[in-house]
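I have placed the structure first, in the form of structure tokens, so that the comments after it can refer back to it.
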Amino acid sequence: PLFRSGEMGPQGPAGPKGMSGSPGDSGLPGSDGEKGMKGERGDIGPAGLDGVPGTNGSSGLDGKTGERGEKGDAGMDGQPGTDGNPGAPGHPGEDGSPGPIGPKGQNGVSTTLIVLHSLSSHVPSCPNGFGIDYTGYSFLFVSAQGITIGPSLHDSGSCMETFNRNPLLGCNATSCDANTEMGYSYWLSSGRTSDVFDSDKSISKCTVCSGSGDVKVVHSFTTNKAKCSGEYSKTLYKGFSFAGHSGVSAAQTTPGSCLPKFVSKLTVKCSADASGCHVDETHRAFWLAAMNADQSTEGSGEERTSHCNVCHRPV
């Protein structure tokens, strides 16, 4: 070789600062540096945006019972509730104390029944102030197997709306019978003397009348007319004092003891068999005697019988 390298000489003095070169290429990222010292607390930054609502948390434990609060104000009235089921019956209560006596009531109006027997084929009329309940035939009694059954002449049962010569029905434990062996029925006569029987002409007619007030009967026990007086001053009708007949007596305090006329042949007897009805010549009727008449001599019964008057006390 022409030339041979020598030893390196000493470093020369620093040359003048060169001109700035063009920027170099970016270097590779460096490795993480060591953790720096904790910096001072910075200023509070601006409020962040509202976060998304979180999910409900689990229920907490029951707290201890607090102290009783003060009574609150009354609330508004609620709506009426539905009706409840009926309750069980309660126990009977104790008797209450007697109440005060009430005011006096008005006087009641009593109803009085009178039965009129005409002893004729004509239907009798009710007196003034009395109304007709019904009319019928004057019935006395029935007689069967030694038994006599009949009403008083002042009872409405003595005026049957329908005539039946065999009104009795005989009954035993198993059956009832209306047969020819039951006996006889007796009726007031109309006074008709014909031998031909006709229920509408031979039997006395009757009327049941009703009205207010009271009635009583006055018997004169003489041939003089009996008089009504005092509170019973109104005369309903006059007649002859009847005591009774074989089978039934007439109570002297009732209108049944005062018949409107005297009839000597008073009774019609009817049989359930084919013999029919006829005036009973053997049946006896009894009348009150007139004390002022001569009873020792024979004469008509009408001239020797006491007179009577049925008197009325209006309400």
Name each donor-acceptor pair under 3.5 Å that joins a side chain in residues 54-73 to protein atoms two or more places apart or in another chain, with its distance.
none

Interatomic spacing from OG in Ser306 to CZ in Phe221 - rounded to 0.5 Å: 6.0 Å
Criterion side chain to side chain contact (heavy atoms under 4.5 Å, CB included) against Leu153, the qualifying member of Val115, Leu188, Thr254: Leu188
Residues which pass salt bridge (Lys or Arg N to Asp or Glu O under 4.0 Å) with Asp214, listed by chain and number, not counting sequence neighbours: Arg313
Sequence-distant partners of Lys265, salt bridge (Lys or Arg N to Asp or Glu O under 4.0 Å), two or more places apart: Glu281
Joint cluster assignment, Met160 & Val142, ILVMFWY side-chain distance < 4.5 Å: yes
Mutual orientation of the aromatic rings belonging to Phe262 and Phe240 [parallel < 30°, tilted 30-60°, perpendicular > 60°]: perpendicular
Residue pair Ser118 / Pro260: nearest heavy atoms and the distance that separates them: O-CG, 3.9 Å
Closest non-hydrogen atom pair, Thr148 against Ser143: OG1-OG, 4.0 Å
Shortest non-hydrogen separation from Leu266 to Phe242 and the atoms involved: CD2-CE1, 3.5 Å
Whether Ser189 side chain and Gly191 backbone form a donor-acceptor pair below 3.5 Å: yes
His245 side chain to Thr267 side chain, donor-acceptor N/O pair below 3.5 angstrom: no
Spatial distance of atom CG (Leu116) from atom CG (Leu236) [nearest 0.5 Å]: 8.5 Å
Verify same cluster id: Tyr186, Trp287 (apolar side-chain graph, 4.5 Å): yes
Could you pull out all donor-acceptor pairs under 3.5 Å where a side-chain atom in residues 127-136 meets a protein atom, sequence neighbours excluded?
| unit_1 | atom_1 | unit_2 | atom_2 | d |
| --- | --- | --- | --- | --- |
| Asp133 | OD1 | Ser210 | OG | 3.0 |
| Tyr134 | OH | Ser156 | O | 2.9 |
| Tyr134 | OH | Cys159 | O | 3.1 |

Shortest non-hydrogen separation from Phe163 to Cys277 and the atoms involved: CZ-SG, 4.0 Å
Contacts of type side-chain contact (heavy atoms from CB on, under 4.5 Å), residue Ser257, not counting sequence neighbours: Val217, His219, Ala250, Gln252
Nearest-0.5 Å distance, NZ of residue Lys227 to NZ of residue Lys238: 9.5 Å
Which donor-acceptor pairs under 3.5 Å do the side chains of residues 197-209 make with protein atoms, sequence neighbours left out?
| unit_1 | atom_1 | unit_2 | atom_2 | d |
| --- | --- | --- | --- | --- |
| Asp198 | OD1 | Asp200 | N | 3.0 |
| Asp200 | OD1 | Tyr137 | OH | 2.6 |
| Ser202 | OG | Arg192 | NH1 | 3.2 |
| Ser202 | OG | Asp198 | N | 3.2 |
| Ser202 | OG | Asp198 | O | 3.1 |
| Ser204 | OG | Leu119 | N | 2.9 |
| Ser204 | OG | Ser138 | OG | 3.1 |
| Lys205 | NZ | Asp200 | O | 2.4 |
| Thr207 | OG1 | Pro124 | O | 2.7 |

side-chain hydrogen bond (donor to acceptor under 3.5 Å, both in side chains) contacts in which one or both residues fall within residues 37-48, not counting sequence neighbours: none
Results of salt bridge (Lys or Arg N to Asp or Glu O under 4.0 Å) for Glu302 - residues two or more places apart only: none
Hydrophobic cluster (4.5 angstrom, side-chain heavy atoms) - remaining members for Val196: none
Smallest separation among heavy atoms of Val315 and Gly213, with atom names: CG2-N, 3.3 Å
Within residues 78-97 or reaching into it, pairs that qualify as salt bridge (charged side-chain N to carboxylate O under 4.0 Å, His left out) - sequence neighbours excluded: none
Lys225 NZ to Cys308 SG distance, which is reported to the nearest 0.5 Å: 9.5 Å
Distance-minimising heavy-atom pair for Gly239 and Cys258: N-SG, 3.7 Å
From CG (Asn166) to SG (Cys270), nearest 0.5 Å: 10.0 Å
Residues that Asn292 engages under side-chain contact (heavy atoms from CB on, under 4.5 Å), provided they are two or more places apart: Thr222, Thr223, Asn224, Ala290
CG-CZ distance between Asp155 and Phe139, expressed to the nearest 0.5 angstrom: 12.0 Å
Lys261 vs Val263, side-chain contact (heavy atoms from CB on, under 4.5 Å): CA-CA, chis, key distance, verdict: CA-CA 6 Å; Lys261 68 178 184 178; Val263 176; 4.0 Å; yes
Salt bridge (charged side-chain N to carboxylate O under 4.0 Å, His left out) contacts in which one or both residues fall within residues 121-132, not counting sequence neighbours: none
